[in-house]
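These notes concern the structure reproduced below.
Source: prediction; values computed, not measured. Each ligand, and each atom within it, is numbered from 1 in the order the structure gives.
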Amino acid sequence: MISVAKALQLVCAQVRDFGNEQVEILQLGGRMLAQDIVADRPYPPFNRVTMDGIAINSNAFLSGKRSFKIAGVQAAGQVQQTLIDSADCLEVMTGAMLPAGTNVVIQYEQCAISNGIATVNVDEVKILQNIHLESTDSRQGDILVKQGTTITPAIIGLIAASGLSYVAVKRLPKVAVCATGDELVEIDQQPLAHQIRQSNSYMLVAALQAEGIHAQRYHLRDEPQLILEELTTITNYYDMVLLSGAVSKGKFDHLPAVLGRLNMQTIFHGIAQRPGKPFLFGKLPNEVLIFGFPGNPVSTFVCYQLYFRAWLAASLGRNLTPMKAFLNKSISFKPNLTLHALVTLSYNEGKMIASQIDSSTSGDMVSLAVAEGILSLPANRQEFTTDEAFDLLLLS
Ligand SMILES: Nc1nc2c(c(=O)[nH]1)N[C@H]1C(S)=C(S)[C@@H](COP(=O)(O)OP(=O)(O)OC[C@H]3O[C@@H](n4cnc5c(N)ncnc54)[C@H](O)[C@@H]3O)O[C@H]1N2
Ligand code: MOO
């Protein structure tokens, strides 16, 4: 058995590059940019009025003038107007171009308007007040967002502002999710006493969906020849296979042997951790990666969260922000394994506090559904106290 750190290192050493693809703007959330977003015009693109009010020429104000005849209105979306006589003003609206010949905007709240005359009721103005100057945020040709950035809604806003309806992003892997086991029936079937509905594959497909990956589900029966045939077909098409179950010591845990017949190179089988000890990771001669998650739902999910997400982040060149949290109460854990504790989270005086969820086994799907994070308590220790921060992974 290898350590958690070693397992993570070996998983992340298997990075893959699946190339790039053009994706439509509203499908871009969470994807990794594979091109720079370049400003096709300055930001803002013109001297932009930021308050509804009047625009004047500062010289008139400095010479003592406080009342200005309203010579017109400059609305947002209107071509730029010109203040011809600096004794006058133009009414201006937020988002409008600053009229030529003006350099001060005074908001309505500081003016009284009557009979077409605006009288200013402040004694001081600053030149360029209430004006968002052209090019102050960026200039035409500047890189607004660099390739290698994860696309957020705010970035989608910038992409739209740049006039792009498609952009290049990193292509995601084609993933097959295979549940194993004769005890599993489909969710629309009524299980017999000895059967259960398969849930792990739905959980994994849903987790992959959150990464933008649309995976296909398969069910493999506990029959080595059938598994071999199905996996041969599957691994010819997909970039990787996430399997759940059949990797432990049981008489029907056929996966390690069948994957051996497919000439899989076992990169590791077994990690000093709970849950997820029997995790099997390998690659086929055609470079297809095999994540063999232990079948217990908590084990499957924890291994997916810790190892698959780390692999995906490494493959896309994305940093996973390291996080830490404190235990709400001390924990004693005797086995020499890393304990990945399922936790709920809260804040106390600015510190993230993790409370371990009471759960008897890694088959406890009910507790899993409550968890917000995984707090990893390192091996080679037995006591974990509240004054030390431990690695936290937020569940996605
Ligand atoms: N002699 C030993 N037995 C076991 C060991 C061991 O080291 N020595 N390890 C235990 C640990 S830890 C785990 S975790 C499990 C993992 O076993 P498998 O990966 O072979 O998983 P299965 O036996 O196929 O299933 C375990 C459990 O999970 C249920 N399951 C499986 N797939 C699904 C699914 N798609 N949806 C819902 N539930 C699923 C399955 O019915 C079993 O109850 O092995 C221990 N045994
Ligand atoms: O991997 Mo097992 O998760 O310890 O039940």
Atom indices of ligand 2 within 4.0 angstrom of [X] heavy atoms, with elements:
X	result
Ser362	2 (Mo), 3 (O), 5 (O)
Ser299	1 (O), 2 (Mo), 3 (O), 5 (O)
Asn296	5 (O)
Lys277	1 (O)
Pro275	1 (O), 3 (O), 4 (O)
Pro278	1 (O)
Arg274	4 (O)

Item to complete: Quick one: sort the Phe301 and Tyr304 rings into parallel, tilted or perpendicular, breaks at 30° and 60°.
Response: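 Judged by the thresholds at 30° and 60°, the geometry between Phe301 and Tyr304 is parallel.
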
Quick test: of every protein heavy atom, which one is nearest to [atom], and how far off is it to 0.1 Å?
atom	answer
atom 8 (N) of ligand 1	Lys249 CG, 3.4 Å
atom 38 (N) of ligand 1	Ile196 CD1, 3.4 Å
atom 7 (O) of ligand 1	Lys277 NZ, 3.9 Å
atom 1 (O) of ligand 2	Gly276 N, 2.4 Å
atom 23 (O) of ligand 1	Asp253 OD1, 4.0 Å
atom 31 (C) of ligand 1	Gly295 O, 3.5 Å

### Message
Is there a side chain to side chain contact (heavy atoms under 4.5 Å, CB included) between Leu33 and Lys146? Walk through the geometry before answering.
### Response
CA-CA 8 Å; Leu33 258 182; Lys146 283 208 180 81; over 6 Å; no

Number the atoms of ligand 1 from 1 as they appear, then name those within less than 4.0 Å of a heavy atom of [X], with their elements.
X	result
Gln198	36 (N)
Glu183	40 (C), 41 (O)
Val247	18 (P), 19 (O), 20 (O)
Ser244	32 (N), 35 (N)
Asn296	13 (C), 14 (S), 15 (C), 26 (C), 27 (C), 28 (O)
Ala179	35 (N)

Heavy-atom count check: over 12 atoms from other residues, nucleotides or ligands less than 6.0 Å from [X] [atom1]?
X	atom1	answer
Asp358	CG	no
Ile84	CD1	no
Arg197	CZ	yes

Quick one: [atom1] on [X] to [atom2] on [Y], what's the gap to the nearest 0.5 Å?
X	Y	atom1	atom2	answer
Phe308	Leu242	CZ	CG	5.5 Å
Thr361	Arg274	OG1	CZ	10.5 Å
Ser162	Leu144	OG	CG	5.0 Å
Tyr237	Gln216	OH	CD	8.0 Å

For the residue pair [Y] / [X], report whether a side-chain donor-acceptor contact shorter than 3.5 Å exists.
X	Y	value
Ser86	Asn57	no
Ser58	Asn103	yes
Ser330	Thr385	no
Thr94	Asp52	yes

| request: Indicate, with yes or no, if the rings of Phe291 and Tyr307 have centres closer together than 6.0 Å. | output: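 No, the ring centres sit 6.0 Å or more apart.
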
So for Thr300 against ligand 1, with non-hydrogen atoms under 4.0 Å, the contacting part is neither

Regarding ligand 1, does [X] bring an N or O atom to under 3.5 Å of one of the ligand's N or O atoms?
X	answer
Gly276	no
Asn200	yes
Ser201	no
Ser362	no
Ala246	yes

Closest to atom 44 (O) of ligand 1 (heavy atoms only, candidates Gly292, Pro278, Ser248) is Ser248

- Message: Under the criterion ring-ring contact (aromatic ring centres under 6.0 Å, His included), I'd like the reasoning laid out for Phe61 against Phe68: C-alpha separation, chi angles, the key distance, then a yes or no.
- Response: CA-CA 10 Å; Phe61 191 93; Phe68 300 86; 7.1 Å; no

So is [X] close enough to ligand 1, meaning a heavy atom under 4.0 angstrom away?
X	value
Ser299	yes
Gly363	no
Ser199	yes

Is a donor on one side and an acceptor on the other found under 3.5 Å between the side chain of Gln80 and the backbone of Met97? no

For His132, which of Asn47, Asp137, Thr50 qualifies under side-chain hydrogen bond (donor to acceptor under 3.5 Å, both in side chains)?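 Considering Asn47, Asp137, Thr50, a side-chain hydrogen bond (donor to acceptor under 3.5 Å, both in side chains) with His132 is found only for Asp137.
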
